[in-house]
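Chain A is the first sequence line, chain B the second, and so forth, proteins listed ahead of strands; every chain is numbered from 1. Since the structure is predicted, the reported quantities are computational estimates derived from the model, not experimental observations.
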Amino acid sequence: MQNKEIAKIFLEIAELLELKEGNRFKIRAYENAARNIENFEQNLEGIYKKSGLKGLEELEGVGESIAHKIEEFIKYKKIKKHQDLLKEFPKGFLALVDIPGMGPKTAMKLHKELNINSVTDLEKAVKKGLLKNLPGFKEKKQENIKKGIELKKKSRGRYLISEANEFADSLIKQLKNLKEADKIEVAGSLRRRQETIGDIDILVTAKKPEIVMDSFTQLPEVRRVLAKGETKSSVILNNNMQSDLRVLNPDEFGSALHYFTGNKQHNIKIRELAIKKGLKVSEYGLFKGDKKIAGKVEKELFDALGLQYIPPELRQGLEELETAKEGKIPKLIELSDIKGDLQMHSTHSDGKNTIKEMAEYAKNLGYSYIAITDHSISERIANGQSEKELFKAFDEIDKLNARLKEFKILKGVEVDILPDGSLDFSDDILKECDVVLAAVHSGFKMPQDKMTKRIIKALQNKYVNIMAHPTGRLINERDPYDVDVHEMLKAASDTGTFMEINAHPKRLDLKDVHIKIAKEMGILFAISTDSHATISLENMKYGVSMARRGWTTKNDVINTLPIDKLLKKLYSKR
DNA sequence: GCCGTTTTCGGCCCGACTGTTTTCAGTCG
Ligand SMILES: Nc1nc2c(ncn2[C@H]2C[C@H](O)[C@@H](COP(=O)(O)OP(=O)(O)OP(=O)(O)O)O2)c(=O)[nH]1
Ligand SMILES: [Mg+2]
Ligand SMILES: [Mg+2]
Ligand SMILES: [Zn+2]
């Protein structure tokens, strides 16, 4: 998607202006535009072609000047201001400010004083010990820069939410052993259930913060202490992940949790709203002059600002404040609303457990149904089943269903969408299924119009109930295939096909922004784990979180329905 | 550079920690 390239350019303009000590609000304007463009779900070129500059300016953070620059990029694939700024600095210079602890001021100083043009130059200078001779520099600063370079090299980027969850649980478990720790909560992107996580943010309330700080910085998984103060510490863990801890007073819990949950843009908007009301918000509370008027719990803070409570998943710094002002934040779906799981695999294709084992595990989760959706024949690498094998599995399901009480196994299949848009099984076979999932598993590298037509053709099949992992992305591994998501959603809406929210932490597909627009189009979802083993049935929570980030309620999701209503919904397309 | 149920001009979040400084700048959350 072109938006990513455009966002990157504006971010670079911001960085370059920072090096030149430009106006910091102008810099922030470029940063804001970059972030909003990056997270925008429609292609800017499409918007421009349809609605011109005015269309672009509808985007938050995009005004006349930036809209013109977007236009420039669409026409010429580059932006002059960006090119001109780049020319003022050596190639590779921007990488310097990516080093933790190095900001624009330090980078420029080293550039001017020591002619440092790149990270390689910097490494050499550090090795020779040249930095500590500069005014304002001593041994420690040089050492920190050296460590910063090492850290940058080791850092693995962003983590899957499941990985971060595991690390966080381990840290929290140990903090819970401290009797000095009052409340302990995960905060930051992990509490917002963002699809990837940069670091682990933890909030503790305590009357004696020093003891908590000491313990945290001495945990066995801590490799390095980046900073340690009275209310805040940062460490690097053995797995190279960063963890930030804030420790505040118990009566500051609400405002502290709100601050530390973010996101940053949401915080800024909250604080701006407070200013308009003659108030001030910080992690220490909501203040009117010197008087604290809220902060014990989050709800108190929202109340005092005239806002409905905003669940963490919605705190994205977008339109959630406006919606909360109007009292229109919906009651989001919860894990306990889920009554069944509509995508999983068994030993009949590439799953590790039998149908019976999957059913029993699901029943123990409190579900009243599952669908077994093994792969179709073309999926050779995933041991796709032939028609004969499929019906053998269905016989097995009939026998199990006869014995299971208050639980039903649905006969399903995850059928491949072949490159021409036809399906891997004929309608004669599909009509024997209770639920049919269609998915793209091969031929990813197709031009957008072909891929879009391919998928739409599949959605038009009256037996296809659910489009599985609709964009095909694998987080940190594989980009989505090139499909026009809007056209796909339109087809889903026209044909009464449901969209999957795949709960696997590597997929999370559809993702939040797409879920949101699909919901606005009236599309219903199936949140499914795509499990290949019983334990993965536990991934449902990640799918529900993604659904919540897309503003969905219980009514938007078909696997919250009791079995009779679900079956009716599934058969209604035929 | 963006934005507007008090504004089309004049605001733009607020605070912690470090290293270096003798009062604060830089970086980060
Ligand atoms: N008010 C305010 N709050 C901030 C700022 N930067 C960070 N925060 C708050 C909101 C963030 O969600 C929270 C944790 O900061 P992080 O840098 O860890 O960001 P976050 O966890 O949101 O994303 P991440 O996945 O770690 O990149 O601290 C800021 O500049 N101003
Ligand atoms: Mg974080
Ligand atoms: Mg953090
Ligand atoms: Zn699949």
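Mapping A:Lys140 and A:Arg246 onto DNA chain B by nearest heavy atom places A:Arg246 closer to the 5' end of the strand. Place A:Gly101 and A:Lys141 on DNA chain B by their nearest nucleotides, and A:Lys141 ends up nearer the 5' end.
Among the protein residues, A:Lys264 comes within range of the nucleic acid bases, having at least one heavy atom under 4.0 Å from a base atom. In this structure, A:Tyr259 reaches the bases: a heavy-atom distance under 4.0 Å links it to at least one base atom across the strands shown. Residue contacts shown for A:Ile270 are absent, as no nucleic acid heavy atom lies under 4.0 Å away. Nucleic acid contact class of A:Asn267 (heavy atoms, under 4.0 Å, all strands): none. Residue-level contact check: A:Ser234 touches neither bases nor backbone, having no heavy atom under 4.0 Å from any strand. Among the heavy atoms of the strands lying under 4.0 Å from A:Gln242 are primed sugar atoms or P, OP1, OP2 only; no base atom is included. Within 4.0 Å of A:Asn144, counting heavy atoms only, lie sugar-phosphate atoms of the nucleic acid but no base atom.
Residue pairs meeting the ring pair (Phe, Tyr, Trp, His ring centres under 6.0 Å) criterion with at least one member in residues 220-260 of chain A, sequence neighbours excluded: A:His258-A:His266, A:His258-A:Phe302. Legend: side chain to side chain donor-acceptor pair (under 3.5 Å) pairs involving residues 127-138 of chain A, not counting sequence neighbours: none detected.
Spacing between B:dT22 and B:dC28 at atom C1', rounded to whole Å, works out to 24 Å. One C1' atom belongs to B:dA25, the other to B:dT20, and the distance between them is 9 Å to the nearest Å. Across B:dC3 and B:dC13, the matching P atoms stand 14 Å from one another, rounded to whole Å. B:dT18 and B:dC12 have their C1' atoms separated by 27 Å, with the value rounded to a whole Å. Separation of the C1' atoms belonging to B:dC14 and B:dC9 is 24 Å when rounded to the nearest angstrom. When the P atom is compared between B:dA16 and B:dG10, the two are found 32 Å apart, to the nearest whole Å. Nucleotides B:dG11 and B:dT21, compared at atom C1', are 32 Å apart to the nearest Å. Nucleotides B:dG1 and B:dT5 are separated by 23 Å at their P atoms, to the nearest Å.
Looking only at atom types and distance, the side chain of A:Ser545 has no donor-acceptor partner in the side chain of A:Lys541 under 3.5 Å away. Side-chain atoms of A:Asn267 and A:Arg315 include no donor-acceptor pair closer than 3.5 Å. For the residue pair A:Tyr542/A:Asn165, the side-chain donor-acceptor check at 3.5 Å is satisfied.
In this structure, B:dC9 forms a base pair with B:dG4, meeting either the Watson-Crick or the G-U wobble geometry with both donor-acceptor distances under 3.5 Å.
Remark: the backbone N or O of A:Thr471 is paired with a side-chain donor or acceptor of A:Asp509 at under 3.5 angstrom.
Scanning DNA chain B 5' to 3' for nucleotides with an atom closer than 4.0 angstrom to a non-hydrogen atom of chain A gives a first and last hit of B:dG1 to B:dG29.
Between the CD1 atom in A:Ile515 and the OG1 atom in A:Thr552 there is a gap of 6.5 Å [rounded to 0.5 Å].
Considering A:Lys80, A:His82, A:Lys81 as possible partners of A:Asp84, the one that fulfils the side-chain hydrogen bond (donor to acceptor under 3.5 Å, both in side chains) test is A:Lys80.
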